[in-house]
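Below is one structure, written out as structure tokens; the observations come after it.
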Amino acid sequence: MITTYKAAPDIEVLTSNFPIPGYGLVPINSFVIKGSEPVLVDTGAVVETDEFMAALRAVIDPADLKWIWLTHTDCDHIGSLQRLIAENPQIRVVTTFLGVGIMSLSAPLPLDRVYLVNPGERINVGDRKLIAVKPPAFDNPCTTGFYDDKSRVFFSSDCFGALLSSVPQNAADLSDSDLRDGQIFWATVDSPWLHRVDGDALARELNSIRRMEPEMILSSHLPAAPGNMSERLLASLADASTAEPFVGPNQTALEQMLTEMTAVA
Ligand SMILES: [Fe+2]
Ligand SMILES: [Fe+2]
């Protein structure tokens, strides 16, 4: 089920909780920036396109959208992408050269409908400038988040996500331990390469977000986090690099799970 809430006066969140059996819930967020040129940030999961379109219509007429900022091409971000491009001939999809390349392997993007950005570049979208940022952690090489200079919100893509037992609308409502543990677990699952990164190099990346001083951090996989939580979010990510690496269930565990499910049925 996809629900919506307002994270800022001009920013709506579309969110659903994806259960990972035995581990918890991961929120899947997309965002609508209701500026003079409305921007949709990501387009929900492939398995939820009908629900996503209904939730989107509840917050904006999709015909009014001018831009889709595609943070990356994973299945929890591209669900309604092709549908929106087909429905609305004015939408431009902000992505990277690599994003276009990856999409060309499954659902090619029409080249006259894309707008290519690289980290550090900015794009004017009516009443605001969006500055492309490579977040400190990511799970797809085409990942590009951005900083909105009007709302002063950092859209961080998968970075700062967390696996949670329950998902509030405001990350400030999470306990310190739920946030920290959930974030570290997510980071070890989603960006396992963090374990191989030099600590000083990671600290420099985290400092670049600190210097941004965002009013809010909007992750694809965390409830909206007010800017005064930035230090906590950054600290968890720093600690993730030395945390226990994630090892998923193996075949023996899967067979045991299937046996238990059959017994219950
Ligand atoms: Fe991802
Ligand atoms: Fe994601």
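All ligand and atom numbering here is 1-based and tracks the order in the structure. Numbers here simply count residues along the sequence, with the first being 1.
When distances to the Fe ion (ligand 1) are checked against a cut-off of 2.8 Å, D139 contributes an N, O or S atom below that limit. Among the atoms of H72, no N, O or S atom falls under 2.8 Å of the Fe ion (ligand 2). With 2.8 Å as the limit, D76 counts as an N, O or S neighbour of the Fe ion (ligand 2).
With hydrogens and angles left out, the side-chain atoms of E48 and S16 include a donor and acceptor closer than 3.5 Å. Side-chain contact annotation: R210 with N207, donor-acceptor N/O pair under 3.5 Å present. Using a 3.5 Å distance cut-off with no hydrogens or angles, the side chains of T15 and N29 do pair a donor with an acceptor.
A donor-acceptor pair under 3.5 Å links the side-chain atoms of R152 to the main chain of E213, judged by distance alone.
The Fe ion (ligand 1) is the vertex of the angle joining OD2 of D74 and OD2 of D158, which measures 170° to the nearest 10°.
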